[in-house]
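Counting convention: from 1, in listed order, for ligands and their atoms alike. All residue numbers refer to positions in the sequence shown, counting from 1.
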Amino acid sequence: MTRPADLAVVGGGVLGVSLALRARSLYPSWSITVVDQQPLGRGATGHSLAVVAPSGHTPYVRALATRSAELYRSPPWRDAVRPRRALLVAPQGSEALLGEQLTTAVAPATPAGLEHLGTAYESLFIAPTESVYAVENGFLQVDPVILSALLTPSRVEVVDDFTVVHCRRSGLHWDLTSDCARVLRAERVALCTGPWGDPESIADGVPWGGPPGSTKRVAALHVPRPGAADDDPLLVFPQDNLLLSPGERRVAVSFLRTGTRSAPLPVRSAAEWSSFGADVPFGADDLVEGRAALAVRCPEMAGQAVSGQAFWDTYLPGSEPRVERAPGSLPPLVRISGAAGSGVRLAPALADEALARLFSR
Ligand SMILES: Cc1cc2nc3c(=O)[nH]c(=O)nc-3n(C[C@H](O)[C@H](O)[C@H](O)COP(=O)(O)OP(=O)(O)OC[C@H]3O[C@@H](n4cnc5c(N)ncnc54)[C@H](O)[C@@H]3O)c2cc1C
């Protein structure tokens with residue numbers, strides 16, 4: 001058997017890729033392998049709007065958001081990230097409340113900002129009791145395709161047809177076994193499997209179960225807008241759970257979707273992937289719900305929406321992400337679970353936490 005990898009990462013979404021990139025910069029001599037059951041970017045990350053908001057609903061999440069923003073602006077992430085201007089619409093006098101939730105300063109939008117808003121989003125409804133706030137240096141947007149492409153120049157091996165069905169401790173190593181009975185041996189393992197949940201993991205004959213959680217549907221609506229430009233500001237309605245992200249000739253609108261499922265997505269073999277689309281299409285119900293959410297603010301745009309994207313995301317009680325190490329696991333096995341709708345925002349900081357856990361008892 002070939003020499004064990006220093007680190008095996010199961011799952012090549014934003015969490016797994018970020019972990020591999022961070023491990024590469026902290027431990028340049030490590031051999032690192034990322035395995036996925038499919039080509040990278042077909043999970044939640046590939047369906048994401050990938051906006052990095054400088055915010056958090058608890059002090060722990062805000063600390064993670066601050067650390068992530070620092071790392072996203074540093075090599076190698078910065079090559080996959082661009083800053084976005086953002087405007088927030090919230091009730092008048094919300095400065096103090098927004099200040100508690102955001103990790104960067106907000107200020108009332110300037111007259112020029114308001115004028116730009118009017119041009120970028122015609123027929124926009126803002127109540128007389130609301131104000132528009134500018135967040136100039138806080139928001140970022142990640143390109144998940146560019147992010148995954150950073151693995152190769154970083155000398156991270158990627159194996160994208162490896163469905164891990166179980167991880168077993170074998171002496172000083174972990175053996176990851178695929179559905180085709182291939183085995184990857186590693187000295188350290190990180191599980192970053194997103195909404196699929198963990199493969200079976202056993203150390204010293206004791207199974208390690210995941211935390212109780214569910215998966216939640218997250219969706220975005222696409223509205224063709226010939227005049228939309230990449231540098232138009234993001235528009236956020238925190239109280240409506242609505243985010244408008246202008247891009248090349250379209251606006252993507254993220255809205256709160258109602259569906260949840262209590263079981264994680266099933267682990268599937270590579271051969272079953274062709275039928276997977278049936279699980280997660282952006283369907284007629286999504287279109288109706290997305291249009292209704294957008295119509296409150298931009299009725300004209302809501303009528304023009306024709307398509308979108310939807311996927312499942314991990315949802316943990318309290319909506320806080322978790323980084324855990326299997327009890328007593330030497331060699332170590334850690335798991336990162338994102339929280340609903342924030343995996344991209346927090347990924348680099350969670351990667352840092354997971355690496356620290358690999359070395360703590
Ligand atoms: C429409 C939409 C909009 C969103 N917008 C935002 C946003 O603006 N900002 C934000 O922060 N978040 C957003 N999110 C949420 C965000 O996309 C997720 O939180 C994040 O992508 C989760 O990343 P992940 O790496 O945990 O999971 P994934 O990207 O799903 O990656 C998990 C990977 O693990 C692989 N895998 C699973 N099990 C196995 C196995 N047994 N063996 C091998 N491989 C396996 C899967 O194939 C997959 O590639 C959005 C989500 C959606 C759907």
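Under the 6.0 Å distance and 45° angle rule, R168 does not count as a cation-pi partner of W174.
Counting all heavy atoms, side chain and backbone alike, T45 lies closest to V14 at OG1-N, 2.9 Å.
Using modelled atom types, no side-chain atom of D313 and backbone atom of K216 make a donor-acceptor pair closer than 3.5 Å. Listed for the T177 side chain is no donor-acceptor partner under 3.5 Å among the backbone atoms of V183. A donor-acceptor contact shorter than 3.5 Å is absent between the side chain of R22 and the backbone of P348. Within the 3.5 Å criterion, the main-chain N or O of V89 finds no donor-acceptor partner in the side chain of E130. The backbone N or O of Q141 lies less than 3.5 Å from no partner atom in the side chain of R84, so there is not a single donor-acceptor pair. One N or O on the side chain of D6 and one on the backbone of S31 form a donor-acceptor pair closer than 3.5 Å.
Between Q309 and ligand 1, not a single N/O pair is under 3.5 Å apart. At least one N or O atom of G343, backbone or side chain, sits closer than 3.5 Å to an N or O atom of ligand 1. In terms of N/O distances under 3.5 Å, ligand 1 is approached by V164. Considering backbone and side-chain atoms together, D36 places an N or O closer than 3.5 Å to an N or O of ligand 1. Taking any N or O of S254, backbone or side chain, none lies under 3.5 Å from an N or O belonging to ligand 1. In terms of polar-atom proximity, defined here as any N/O pair under 3.5 Å, Q38 does make such a contact with ligand 1.
Of all atoms in ligand 1, numbered sequentially from 1 with element shown, those under 4.0 Å from a heavy atom of G11 are 33 (C), 34 (O), 35 (C). Applying the 4.0 Å criterion to heavy atoms of G194 picks out, from ligand 1, the atoms 26 (O), 27 (O), 32 (C). Near T193, meaning under 4.0 Å from any of its heavy atoms, are these atoms of ligand 1: 32 (C), 34 (O), 37 (C), 38 (N), 39 (C). In the vicinity of P195, heavy-atom distances shorter than 4.0 Å reach the ligand 1 atoms 30 (O).
The option from G16, A53, C192, G43 that lies nearest to atom 32 (C) of ligand 1, judged by heavy atoms, is C192. For atom 7 (C) of ligand 1, the choice among V10, V51, L40, I336 with the nearest heavy atom turns out to be V51. By heavy-atom distance, the residue among A347, S48, A44 lying nearest atom 14 (N) of ligand 1 is S48.
Contact annotation: for D313 versus ligand 1, heavy atoms closer than 4.0 Å belong to the side chain alone. Heavy atoms of F311 found under 4.0 angstrom from ligand 1 belong to the backbone as well as the side chain.
The shortest distance between side-chain heavy atoms of D352 and L26 falls below 4.5 Å.
Distances shorter than 4.0 angstrom do not occur between any heavy atom of R42 and any atom of ligand 1. At least one heavy atom of F162 sits closer than 4.0 Å to an atom of ligand 1. Heavy-atom separations between A219 and ligand 1 include at least one value shorter than 4.0 Å.
With rounding to the nearest 0.5 Å, the separation of OH in Y60 from CG in L346 is 8.5 Å.
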D161 vs R182, salt bridge (Lys or Arg N to Asp or Glu O under 4.0 Å): CA-CA, chis, key distance, verdict | CA-CA 11 Å; D161 60 350; R182 283 184 287 167; 3.3 Å; yes
